[in-house]
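Below, chain A is the first sequence line, B the second, and so on; all start at residue 1. Remember, it's a predicted structure, so these values are computed and weren't measured experimentally.
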Amino acid sequence: MDLVRPGYLPDPALDADAMEAMQRDIAADAVFADEHDLTPSAVAIDEPIRETAPSQATLDGGGPVVVGIDQAFREEEAVSVAVAIRGGRVIERAFGRAPLEIPYIPGLLAFREGAAIADALDSLTVAPDLLVCDGSGRIHYREAGIATHVGVLFDVPSLGVAKNLLCGTPVEPVEDRYMAAGERVAIEANDRVETCPNGTTIGHFYQSRQYENPERRHVNPLVVSPGHRVATGTATDLVAATCAGYKLPEPTRVADADVGERAREE
DNA sequence: GCGACAG
DNA sequence: ATCTTGTCGC
């Protein structure tokens with residue numbers, strides 16, 4: 001697919017100030033509202049995907065293409081995989097790679113892993129209708145997490161699914177309170193989000209899976225946030241639709257497994 | 001100086 | 001993210 005904003009290619013050689021300046025520009029270009037033709041039912045995946053190898057199904061029709069993206073790391077490079085899914089089946093898989101030049105710095109994740117993602121998406125032939133990224137989107141100090149960065153870079157609808165909260169505050173404490181499967185709690189901007197007023201809804205905690213007995217064992221909720229061209233509530237609706245019994249939505253779960261074994265070989 | 005901290 | 005086996009719970 002094509003880079004719509006080449007100037008936003010994440011360059012690890014930039015200094016921190018330039019990276020932050022770019023993120024402010026990206027946030028200004030990002031659209032945190034629905035600008036797509038997706039519906040939860042059109043992207044729904046109800047069976048766990050077992051066959052991760054791309055297979056051209058006989059009748060996968062012309063439904064929307066959801067692409068799951070994830071990274072893994074080796075000594076000196078980041079490996080990325082983009083798994084394209086349509087009708088609950090993998091139709092294409094693209095790999096990418098990039099040298100690891102900077103350490104992980106909270107808030108600047110895209111400059112460490114973004115080049116590998118761009119490399120993977122560059123070789124993807126199908127046109128994605130939605131990118132599901134590993135990490136945050138609008139839940140970010142400058143509202144420009146990796147999901148937003150990648151979405152704006154290619155001008156494609158995107159959202160982020162993270163396992164931990166980077167910044168922002170849930171409207172009601174999620175700790176120690178039992179969240180049943182399907183529940184969501186809005187996350188609002190706080191002082192650590194410097195580009196929008198406190199209280200702005202920037203994402204959700206979403207409980208994709210939960211155990212019966214809250215006393216002994218519990219699953220942590222996912223942290224979902226819009227990346228680009230998707231509204232907050234819609235982002236969570238779409239993630240909910242692509243979950244098939246596991247904690248992670250199928251696109252990221254499959255990408256996770258794929259990139260793991262790819263990084264381990266050669 | 002102290003806390004906060006996606007992957 | 002990554003280094004790693006068994007183990008507790010449903």
Side-chain angles (χ1 to χ4, degrees), chain A residues 10 12 16 19-20 23 26-27 30 68-82 96-118 120 131-151 158-170 174-175 178 180-181 187 189-195 202-206 209-228 235 239 245-249 252-253 255-265:
Chain A
M19 291 179 179
E20 295 184 7
Q23 291 182 326
I26 289 170
I69 302 170
D70 192 29
Q71 288 69 245
F73 305 88
R74 309 209 267 201
E75 293 297 314
E76 292 187 317
E77 70 172 0
V79 178
S80 179
V81 65
R97 47 196 290 176
L100 279 178
E101 293 171 346
I102 59 174
Y104 162 67
I105 301 169
L108 299 179
L109 179 66
F111 291 90
R112 174 176 163 83
E113 313 184 350
I117 296 177
L131 303 179
V132 178
C133 303
D134 202 32
S136 299
R138 194 180 186 183
I139 293 180
H140 180 271
Y141 309 136
R142 292 164 291 279
E143 297 180 277
I146 195 163
T148 300
H149 197 134
V150 174
S158 67
L159 59 83
V161 175
K163 300 169 198 66
N164 295 90
L165 187 62
L166 175 64
C167 56
T169 316
V174 160
E175 301 130 23
Y178 179 76
I187 294 169
N190 58 6
D191 291 326
R192 299 166 66 192
V193 181
E194 32 190 72
T195 52
I202 54 177
H204 285 117
F205 269 124
Y206 173 65
R209 180 180 202 268
Q210 189 53 281
Y211 291 118
E212 302 293 330
N213 197 332
E215 308 303 322
R216 305 193 150 289
R217 205 185 187 82
H218 65 86
V219 178
N220 292 129
L222 295 174
V223 184
V224 182
S225 60
H228 179 46
V239 167
Y246 289 88
K247 168 173 175 172
L248 295 175
T252 63
R253 194 178 68 81
D256 204 358
D258 273 9
V259 77
E261 55 184 58
R262 163 55 72 102
R264 221 167 324 186
E265 54 192 43

Distance in angstrom units between A:Asn220 CG and B:dA6 P, rounded: 14 Å
Secondary structure string for DNA chain C (Watson-Crick or G-U under 3.5 angstrom, | for other-strand pairs): ..........
A:Thr148 and A:Ser158, any side-chain heavy atoms less than 4.5 Å apart: no
Where DNA chain B forms stems, i.e. three or more consecutive Watson-Crick or G-U pairs with both distances under 3.5 Å: none
N/O donor-acceptor pair under 3.5 Å between A:His140 side chain and A:Arg142 backbone: yes
Per-nucleotide protein contact string for nucleotides 1-6 of chain C (B base, S sugar-phosphate only, - none; heavy atom under 4.0 Å): SS----
Check: A:Lys247 and A:Asn220 side chains under 4.5 Å, non-hydrogen atoms: yes
Sequence neighbours excluded - salt bridge (charged side-chain N to carboxylate O under 4.0 Å, His left out) pairs with any residue from residues 161-170 of chain A: A:Asp134-A:Lys163
A:Tyr178 OH: over 12 foreign heavy atoms closer than 6.0 Å: yes
Salt-bridge criterion met for A:Arg74 and A:Glu77 (N-O under 4.0 Å): yes
For atom CZ of A:Arg74 and atom C1' of B:dG7, their distance in whole Å: 18 Å
Do any N or O atoms of the protein come closer than 3.5 Å to N or O atoms of nucleotides 1-5 of chain B, and which pairs are they?
residue, atom, partner, partner atom, Å
B:dA4, O3', A:Arg192, NH1, 3.1
B:dA4, O3', A:Arg192, NH2, 3.4
B:dC5, OP1, A:Arg192, NH1, 3.0

Interatomic distance, A:Phe111 CZ vs B:dA6 P [rounded to whole Å]: 17 Å
Residue pairs fulfilling side-chain hydrogen bond (donor to acceptor under 3.5 Å, both in side chains) with at least one residue in residues 99-114 of chain A, sequence neighbours excluded: A:Gln71-A:Glu113
Side-chain donor or acceptor of A:Ser225 paired with backbone N/O of A:Gly137 under 3.5 Å: yes
No-hydrogen, no-angle side-chain donor-acceptor test under 3.5 Å, A:Asp70 and A:Thr252: no
Distance, rounded to the nearest Å, where A:His218 contributes NE2 and C:dG9 contributes P: 14 Å
Contact check, side chains of A:Asn164 and A:Val223, non-hydrogen atoms, under 4.5 Å: no
Atom-pair distance (CG on A:Leu248; C1' on B:dG7), nearest Å: 13 Å
Beyond-backbone contact of A:Arg192 with A:Tyr141, side-chain heavy atoms, under 4.5 angstrom: yes
Sugar-phosphate, base or nothing in reach of A:Ile139, heavy atoms under 4.0 Å: nothing
Sugar-phosphate only, base, or nothing, as touched by A:Leu222 at under 4.0 Å among non-hydrogen atoms: nothing
Residue pair A:Ala144 / A:Gln23: nearest heavy atoms and the distance that separates them: CB-O, 3.3 Å
4.5 Å side-chain heavy-atom contact, A:Leu248 and A:Leu222: yes
Sugar-phosphate only, base, or nothing, as touched by A:Gly160 at under 4.0 Å among non-hydrogen atoms: nothing
